[in-house]
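Values below: all heavy atoms of this structure, side chains included; hydrogens, waters and symmetry mates excluded.
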Amino acid sequence: MPILWLSDVDKNDIPVVGGKAANLGELLRIEIPVPEGFVVDARTFKDFINRANLKDKIYSILQNLNVENTEELNRVSEEIRRMISKAKMPEDVEKEIRRAYKELGNGKDVYVAVRSSATAEDLPDASFAGQQDTYLNVKGEEEVVNKVKECWGSLFTPRAIYYRVQKGFRHEDVSIAIVVQKMVNSEKSGVMFTSHPVTGEKVCIIEAVFGLGEAIVGGLVTPDTYVYDRLKKKLVEVKIAEKKFMIVRKNGNDKVELGERGKERVLSDLEIKRLVDLGEIIEEHYGKPQDVEWAIEGGEVYIVQSRPVTTIKTKEEKIEVEETGKILLKGLGASPGIAVGEVRIVQSEKDISKVKEGDILVAVMTTPDMVPAMKRSAAIVTDEGGMTCHAAIVSRELGVPAVVGTKNATDVLKDGMVVTVDGEKGIVYLGRLEVSKKEEAKATPISAPIITATEVKVNISLPDAAEKVARETNADGVGLFRIEHMVLSLDKHPMKFIKDGEIDKYVELIYNEMKKVLKAFYPKPVWIRTIDAPTDEFRAMEGGEDEPVEANPMLGFRGIRRDLAEEMHLRAEMRAIKRLIDEGYTNVGIMLPLIVSPEEIRRAKSVAIEEGIPLEKIDFGIMVETPAAALIIEDLIKEGIDFISLGTNDLTQYTLAVDRNNENVAYLYDETHPAVMKLIERTIKICKEHGVKTSICGQAGSYPHVVEKLVEMGIDSVSANPDMVHKIREVVARAERRIILEKLRNLR
Ligand code: PEP
Ligand code: MG
């Protein structure tokens, strides 16, 4: 019997109906108002692939798959999903689904949600939440049957396959049940944590929007927030957000502008009380704080889903070196982690083949040519550089420990020497040291994503790492895509392509790389920065011999000034971006570096327009990374920009006259120097007055103490290094809550 009604299932049925359906059944049993529905159980899927002769095919393809090879992963995923969608659903199963759907609507066609619920028979506690597809607003027997099949296929999305391999699940052990549930046509909806998701305190946190809840889940609308203290039995925080639109169900999901109504409070005290009461019953039933989705239709509150907030306090492993070894070198801990391996000194790109898997790559400074070897290495150590040098940025993106700016690693370390590198503390020890694993209590909510009003984005420079970064950070977009790393790793100098009459080839090359990032993050925004590399970095490329030799490249021919002087290069970038927009990647944004005058924006804009970029469709903005830009920001805004992003790396070096790559003056380099902070504060304030979005993509956006201040100043988004996104999200959430609390206290 493939169909089970929700009201007939409970937690004992998890192996066959999955956690989601079992939970809903449990809730119905304790008389929580849950929309009715049925489940196509997990055995039905197994039976389907057996009867369609797909079982052996699917699992043998998966057996040979290397999930780290993204292209292969995508190809295999597509192939399996195609096989499933082409295969015919067994007639008896289809008949049963049609019958149950009719019964659910009392003979009428009703709107339903078709949700996947993956399940591992022998591992009832395994969590696959959010891995598979859900379809909303499905109507009609035919559509329901189709969507059930699509949900089956979603057991093999690249993300789901990757996740199972990472977690050590055998694909064969996992199956999928499908929940078909009546949709509430919500006037209001949202989410609720029955207790605080991080501290576990007995405060109920509710987020609410008008219309359907997809607006919250997709992060499209900032919801109202209500905090109800369950011990004091009173509402302690109300934050009314401006909700620009709501999503309603018409033919599909439609956006409706809310205008003035968007400023109104969504929930009445009575509705909040009803939600809290239901939340308390659910929490008590499960004996654990819950993360609940709810909806209100015709004044009735419905609970659509409930899952535990699993880790109020979890243990995290902290790796530490037992500090008994001889310290060989000290530098800046640029990418956390500890590694032991044999030293390989790399003088130039010619040496990179000597770096084998697990070696320690040591160089004066890394270059884009060295990236393949950086990927193989267990750790990276350099003589030069600060927190924003090539080695630091790339190693963080690759997740490889790194120590930079040691001054003389290439002298002190010798090929073949065994060393231990501590990328957190910035120390290189002689020999293989004991590494102790300490368990540290750490508060991290797992099922509950931290939702912040300030967006938390990520910086990217390696297109090949984009998909992994997107998956692991779940960032709200890319606040800085530094394209120079990918350009510098091409065979020849960009202007040489152009001089050789190969501009189309160059456009094609950068378009392909850009696309990887846009695709990985789609539909989240990706701000592509036009090229910004100093002349000394271009010189090593074929055709780079003509690069001017500059006494101080940091103050030289770089950023937008270079792209305007070599206008064909700017045009090439715009052509690549235009192709992406034409393909529907309107999540792209353009960001101009090192702006010092309105003229530069004006000229770059006209090139963009001449190349056919529809500026009305995408974000167009600038970096504020010179004191000049911060001081004349009003004039820059007049040129028509959608956003600014604070480049604190350059802003600090230019304000304090401290070369950011010069270790001799590194002790003076301080992003929180009052002069830098004043420029930042002024920029944010004036941009806010003019409705220009503000962001930060300099290294300071990864520093909790700076980010706290920026949130107080009202910054709209923060773009952090990949390794810091989760931490920064916590910092932002805490800062936002503190601000709300302080405001409330002042009101009393
Ligand atoms: C900055 O200057 O802060 C910045 C983000 O740009 P880059 O580090 O690439 O110069
Ligand atoms: Mg910069």
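- Judged by distance alone, the side chain of K139 and the main-chain N or O of V112 form no donor-acceptor pair under 3.5 Å.
- Not a single salt bridge (charged side-chain N to carboxylate O under 4.0 Å, His left out) links E297 to another residue, sequence neighbours left out.
- A salt bridge is absent between D269 and K273: the closest approach of a Lys/Arg side-chain nitrogen to an acidic carboxylate oxygen does not fall below 4.0 angstrom.
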Exercise answer: donor-acceptor pairs, residues 21-40 side-chain atoms, under 3.5 Å, sequence neighbours excluded:
from, atom 1, to, atom 2, distance (Å)
N23, OD1, Y286, OH, 2.9
N23, ND2, S306, O, 2.9
E26, OE1, H285, NE2, 2.6
E26, OE2, K11, N, 2.9
R29, NH1, D10, OD2, 3.1
E36, OE1, K182, NZ, 3.4

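- Applying the side-chain hydrogen bond (donor to acceptor under 3.5 Å, both in side chains) rule to S117 yields no partners; only residues at least two apart in sequence or on another chain are considered.
- Taken to the nearest 0.5 Å, the CD1 atom of I296 stands 5.5 Å off from the CG atom of L275.
- Ion pair R230/E280 flagged as a salt bridge, since at least one NZ, NE, NH1 or NH2 atom sits closer than 4.0 Å to an Asp/Glu carboxylate oxygen.
- E264 and K243 are not joined by a salt bridge, as no carboxylate oxygen comes within less than 4.0 angstrom of a charged side-chain nitrogen.
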Check step by step if side chain to side chain contact (heavy atoms under 4.5 Å, CB included) holds for V478 and N459. CA-CA 6 Å; V478 175; N459 292 347; 6.0 Å; no
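- Considering only heavy atoms from C-beta on, L136 comes within 4.5 Å of T134 through its side chain.
- The list of salt bridge (Lys or Arg N to Asp or Glu O under 4.0 Å) pairs with a residue in residues 698-707, not counting sequence neighbours, is empty.
- Partners of E681 under the side-chain hydrogen bond (donor to acceptor under 3.5 Å, both in side chains) rule, at least two apart in sequence or in another chain, do not exist in this structure.
- Residues meeting the side-chain contact (heavy atoms from CB on, under 4.5 Å) test with K147, sequence neighbours left out: V114, Y135, V138, E143, E150.
- V676 is not listed as a side-chain neighbour of D670, based on a closest heavy-atom distance of 4.5 Å or more.
- The CG atom of L231 sits 7.5 Å away from atom NZ of K202, with the distance rounded to the nearest 0.5 Å.
- A donor-acceptor contact shorter than 3.5 Å is absent between the side chain of S702 and the backbone of A720.
- With sequence neighbours excluded, the residues forming a ring pair (Phe, Tyr, Trp, His ring centres under 6.0 Å) with F643 are W527, listed by chain and number.
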Residue pair K188, E271: steps toward the salt bridge (Lys or Arg N to Asp or Glu O under 4.0 Å) verdict: CA-CA 10 Å; K188 303 169 179 183; E271 287 166 329; 3.0 Å; yes
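- Between R682 and E634, at least one side-chain N (NZ, or NE/NH1/NH2) sits under 4.0 Å from a carboxylate O, which counts as a salt bridge.
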The test is side chain to side chain contact (heavy atoms under 4.5 Å, CB included); show your working for E257 and M246 and say whether it passes. CA-CA 7 Å; E257 298 289 333; M246 64 175 175; over 6 Å; no
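- The side-chain contact (heavy atoms from CB on, under 4.5 Å) check on E284 picks up nothing, with sequence neighbours excluded.
- Scored by the side-chain hydrogen bond (donor to acceptor under 3.5 Å, both in side chains) test, Y228 finds no partners at all (sequence neighbours excluded).
- E472 contributes atom CD, which lies 10.5 Å from atom CD of E467 (distance to the nearest 0.5 angstrom).
- In this structure N587 satisfies the side-chain contact (heavy atoms from CB on, under 4.5 Å) test together with L518, Y522, V526, Y585, sequence neighbours excluded.
- Proximity of L6 to Q181: side-chain heavy atoms (C-beta onward) are separated by under 4.5 Å at one or more points.
- Here T648 pairs with nothing under the side-chain hydrogen bond (donor to acceptor under 3.5 Å, both in side chains) rule; sequence neighbours left out.
- Scanning for side-chain contact (heavy atoms from CB on, under 4.5 Å) contacts around D476 gives E455, V456, K457, with sequence neighbours left out.
- Residues Y226 and R265 share a closest heavy-atom pair of OH-CG, 3.4 Å.
- Taking both residues in full, the closest heavy atoms of R729 and N474 are given as NH2-O, 2.9 Å, listed atom of the first, atom of the second, then distance.
- For K524 (side chain) and A475 (main-chain N/O), a donor-acceptor pair under 3.5 Å exists by modelled atom type.
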